[in-house]
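Here is the structure we will look at.
Read the numbers this way: they start at 1 and go in the same order the structure lists the ligands and their atoms. Source: prediction; values computed, not measured.
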Amino acid sequence: MFPRVRLRRLRRTERLREMVAEASLSVRNLVYPVFVDESIERRVPVESMPGQWRLPVGELPALAEELVSLGIPAVMLFGIPAEKDARGEVSVKPEGVVQRAVRTLKRAAGDELLVITDVCLCEYTTHGHCGIVEGREVLNDPTLEILARQAVSHAEAGADVVAPSDMMDGRVAAIRQALDDAGFERVAIMSYSAKYASAFYSPFRDAARSAPAFGDRRSYQMDFRNAREALREVEMDAAEGADIVMVKPALAYLDVIARVRERFSLPVAAYNVSGEYAMLKAASAAGWLDERAAVLEVLTAIRRAGADVILTYHALEAARWLEEVR
Ligand code: PBG
C-alpha cells in the first residue's frame, strides 16, 4: 500500500484533522456532580479533590447561574445530612438536604438546568452501607422499599432524573413502579448499572462522609475482573425500565463502556469518578501533566469509547476550555 497510501496526509493541518475527527466533546455531554451539606453555612473545600467543595443549599442559586452561563446542562446531587440513622430514613424527608437542594436549583434555573439526584443510602446511614444492614449482611429486598420512597421524594421536590447508585438487584423496577404509582411517569431513571467496587471512590467517600463503617461494598458492587457480567447488569436494568445506563468508574473501564455501547441502544453515561479527578489534579499540581490537555484527552476518550454523557468534576473547567477552543 505504502507509498500510495499515507495516513499522515489527513493529519497535516488542524482543519483536516477537525474534518475527519471521529469523536467529539461538547459541554452538552457533561454533568457536574455537586455535594450539598446540610450542616454548613459556607462552602468547605474537599481536601482530596482540589477545586471541589461541599456547598450549603444557600450557595446553589449562584452555582446554577454559573452552570447555565457555561452551557452545562445538568447537575448530579449528593446530599450530606446533618444526622444519619440505621435505615437512612432521613433521606426521604421532604425537608431533607437533597429535597431542599432540588427545589432551590429548580427555582433558580427552571428548565435551563436538569437536576439529577443520586439515590442511595450510604450518605444517610450510620454504618455507611448502601442498603439496610442486618448483622454484617447488606439486605437486598428490604432496601428496595426505602430506595423507592427516596426516589419519589426527589421527584416530588422536582428532580428531572433519579440515579440509583446502590447496586441492589431489582431497584430499577421498584423505583419505576413507585414513580409511576405516584404520577411521576415523566421522571427518568439513569441507573448506575455497571458500578464496580473500586479503589477510585475514596475522595468521594471523604467528601460525602460515606465510607462503610465495616467491611466493603464487594457484596453488591461489581468485581473489577468482570465485563460480561456488566452486560447482564445493563440488560436487567434496561428490562426493568432504565432510561439511561451508566458505567462507573470510566477510565479503567473503557472496554466496558465500548461493549455496552455496541450491545445496547440505550444512552450510555460514564462516571469519571473522584479518584480519576484526584489523579489528574495531583499530577498537574506537581507540574507533571498539562492539566487542560490531559483532561480534554481523557474526556474525549470516554466519548470515543461510546459514552453519550460524562459525569465529571472537571465539568466547569472543561466547559471553559471548550469555549476557548471555539
Ligand atoms: C454511592 C456513590 C458513590 C459514588 C457515587 N455514588 C460512592 C460509593 O459507591 O462508595 C462515587 C463517586 C465518585 O467517586 O466520584 N452513593
Side-chain angles (χ1 to χ4, degrees), residues 30-37 46-54 74-81 84 88 90-92 96-98 101 116-125 127-133 138 143 146-147 150-151 154 161-168 171 175 189-224 233 244-253 269-282 295 298-299 302 309-315:
L30 305 179
V31 177
Y32 184 53
V34 180
F35 304 105
V36 190
D37 189 334
V46 179
E47 228 165 277
S48 50
M49 300 173 72
Q52 303 304 311
W53 289 270
R54 286 187 278 126
V75 288
M76 167 74 100
L77 284 182
F78 296 96
I80 307 163
K84 306 187 184 218
V90 288
S91 72
V92 305
V97 59
V98 166
I116 309 173
T117 57
D118 183 83
V119 172
C120 198
L121 294 189
C122 63
E123 298 112 276
Y124 305 95
T125 50
H127 46 72
H129 276 291
C130 306
I132 290 173
V133 165
V138 178
T143 302
I146 181 146
L147 289 172
Q150 187 184 127
H154 293 173
V161 181
V162 294
S165 67
D166 51 282
M167 286 300 278
M168 299 299 122
R171 86 270 211 222
I175 289 171
I189 298 176
M190 175 163 82
S191 179
Y192 288 70
S193 300
K195 177 177 179 181
Y196 287 86
S198 168
F200 289 93
Y201 306 152
S202 342
F204 173 96
R205 290 177 191 169
D206 169 32
R209 312 251 147 98
S210 63
F214 65 88
D216 54 45
R217 303 204 200 289
R218 285 183 294 177
S219 77
Y220 42 106
Q221 298 181 349
M222 280 185 57
D223 186 324
F224 58 70
E233 287 282 0
I244 303 173
V245 291
M246 190 201 296
V247 175
K248 177 187 171 186
L251 263 194
Y253 300 86
Y271 201 139
N272 181 217
V273 300
S274 58
E276 301 175 319
Y277 174 83
M279 285 197 297
L280 290 183
K281 278 288 174 192
V295 169
V298 161
L299 296 178
I302 296 169
V309 179
I310 305 172
L311 296 99
T312 179
Y313 302 96
H314 268 117

Donor-acceptor pairs under 3.5 angstrom involving side-chain atoms of residues 205-218: please list them, not counting sequence neighbours.
unit_1	atom_1	unit_2	atom_2	d
Asp206	OD2	Ser48	OG	2.7
Asp216	OD1	Arg218	N	3.0
Asp216	OD2	Arg218	NE	3.1
Asp216	OD2	Arg218	NH2	3.0
Arg217	NH1	Gly128	O	2.8
Arg217	NH1	Tyr220	OH	3.2
Arg217	NH2	Gly128	O	3.4
Arg217	NH2	Ser210	O	2.7

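Checking side-chain atoms of Arg171 against main-chain N and O of Pro164 turns up a donor-acceptor pair under 3.5 Å. Under the 3.5 Å distance criterion, the side-chain polar atoms of Lys195 are left unmatched by any main-chain donor or acceptor of Met167.
For ligand 1, the protein residues within 4.0 angstrom (heavy atoms only) are Phe78, Asp118, Cys120, Cys122, Glu123, Ser165, Tyr192, Lys195, Phe200, Tyr201, Phe204, Arg205, Arg217, Gln221, Lys248, Tyr271, Val273, Ser274, Tyr313.
Rounded to the nearest 0.5 Å, atoms CG (Leu280) and NE2 (His314) are 5.5 Å apart. With rounding to the nearest 0.5 Å, the separation of CG in Leu311 from NZ in Lys248 is 9.0 Å.
For Phe224 and Tyr253, the gap between ring centers reaches or exceeds 6.0 Å.
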